[in-house]
**Q** 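Take this structure, written in structure tokens, and hold onto it; I'll ask about it next.
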Amino acid sequence: MLEIRGLRKTFGAGKVALDGVSFAVPAGQMFGFVGANGAGKTTTMRIVMKVLTADEGEVLWNGRPLTFTERRTFGYMPEERGLYQKMRVGEQIDYFGRLHGMDAAAVVKAREALVERLGLAARVGDAVESLSLGNQQRVQLAVALIHDPELLILDEPFSGLDPIAVDALAEVLHERARGGVPVIFSSHQLELVERLCDAVGIVSAGRMVASGTVDELRDAEARRLRVVVRDAKPGWADGLAGELSKDGDRDVLTVAGGDDQAVLRKAAEAGHVEFFGVERPTLVEIFREAVA
Ligand SMILES: Nc1ncnc2c1ncn2[C@@H]1O[C@H](COP(=O)(O)OP(=O)(O)O)[C@@H](O)[C@H]1O
Ligand SMILES: [Mg+2]
């Protein structure tokens, strides 16, 4: 379990990048770290990896301050992609394996399994620079995974990838999470995070504005009633506290709270009720609310 507590970081002359960032990611969880550009995601990840030091706060691993040796067991995909463009794919992966202290035989074994798993087997002899962005990203992931990390921390691993590459990468991450590894990745693509993650943390201007499982966050927000009425009499929703919009010949009414049965009666009198139900907000809506 990784725990981040009260991180604060100021750059230069008073540029506050982090203003109290806390969250926890237990074993086996896929945690999406979301926020707009400049919110503080990269800074937080760099502090976990000790690329930067925090002004305040701490990073705990299994309840105790994270040590150098433990950090070496982590897999990290930095925002500034650190591949050597001229090196061949296989050499590249091996190089990082050796950096993590693996012996030659272990490196070869792990690399062979990884390139197979990531669909890179045919490219091991090719220079990194000859690969598509999607394939370079797969190499980047292989580099982060070579030493069988105990935690994965990935900065925008999905950015710039096509849907097929996203799915391939996501599957590998899910596999690791199922194997008990906490997986943390940052993203500004909320639909993706909602689809892939067990839990999310939302950061805005250096502060955590929400964190929890996707279900918890969706349940915590007020539920809304959604009513769709076709060929409705104009003005039928007057006096109902809600938002009415038009979608062709359909009226769509969204109401937060109130007497749902009264709304149903009015809708039924007004026209043909096509849909009537309670909906939970999406992550996108929670995010908009949280950062507003
Ligand atoms: N080395 C730095 N010097 C000055 N400001 C920085 C530096 N790194 C990040 N920042 C600022 O800190 C804030 C958070 O940045 P960052 O963590 O990169 O956000 P994110 O990854 O969420 O886009 C931004 O306002 C950014 O401009
Ligand atoms: Mg970033």
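All of these numbers come straight from a predicted model, not from anything done at the bench. Heavy-atom basis, side chains included; hydrogens, waters and symmetry copies ignored. We count ligands from 1, going down the list as the structure has it; atoms in each ligand are counted the same way.
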**Q** Is it true that Glu171 and Arg117 make a salt bridge, defined as a side-chain N closer than 4.0 Å to a carboxylate O?
**A** yes

**Q** Checking only N/O/S atoms, does Thr42 have one that is under 2.8 Å from the Mg ion (ligand 2)?
**A** yes

**Q** Got a salt bridge between Arg88 and Asp126, using NZ or NE/NH1/NH2 to carboxylate O under 4.0 Å?
**A**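 A salt bridge is absent here (no side-chain N lies under 4.0 Å from a carboxylate O).
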
**Q** Could you tell me whether Lys15 approaches ligand 1 through its side chain, its backbone, both or neither, with non-hydrogen atoms closer than 4.0 Å?
**A**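 Under 4.0 Å from ligand 1, Lys15 contributes side-chain atoms alone.
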
**Q** Parallel, tilted or perpendicular: which one describes the rings of Phe23 and Phe31, with boundaries at 30° and 60°?
**A** parallel

**Q** Mind telling me whether Phe74 and Trp61 have parallel, tilted or perpendicular rings, with 30° and 60° as the class edges?
**A**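 If you compare the ring of Trp61 with that of Phe74, the planes turn out perpendicular.
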
**Q** Do Lys246 and Asp251 sit within salt-bridge range, that is, some charged N less than 4.0 Å from a carboxylate O?
**A** yes

**Q** Which ligand 1 atoms, with their elements, are less than 4.0 angstrom from a heavy-atom of Ala36?
**A**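 Ligand 1 atoms under the 4.0 Å threshold to Ala36: 22 (O).
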
**Q** Pull out every atom of ligand 1 sitting under 4.0 Å from any heavy atom of Asn37, numbered as shown with elements.
**A**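 Reading through ligand 1 atom by atom, the close ones are 23 (O).
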
**Q** Answer with side chain, backbone, both or neither: which part of Ser186 has a heavy atom less than 4.0 angstrom from an atom of ligand 1?
**A** neither

**Q** For ligand 1, which atoms have a heavy atom of Thr42 less than 4.0 angstrom away?
**A**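 So the answer, numbered in order with elements, is 17 (O), 18 (O), 20 (P), 21 (O).
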
**Q** Which atom, counting only N, O or S, brings Glu79 closest to the Mg ion (ligand 2)?
**A** OE2

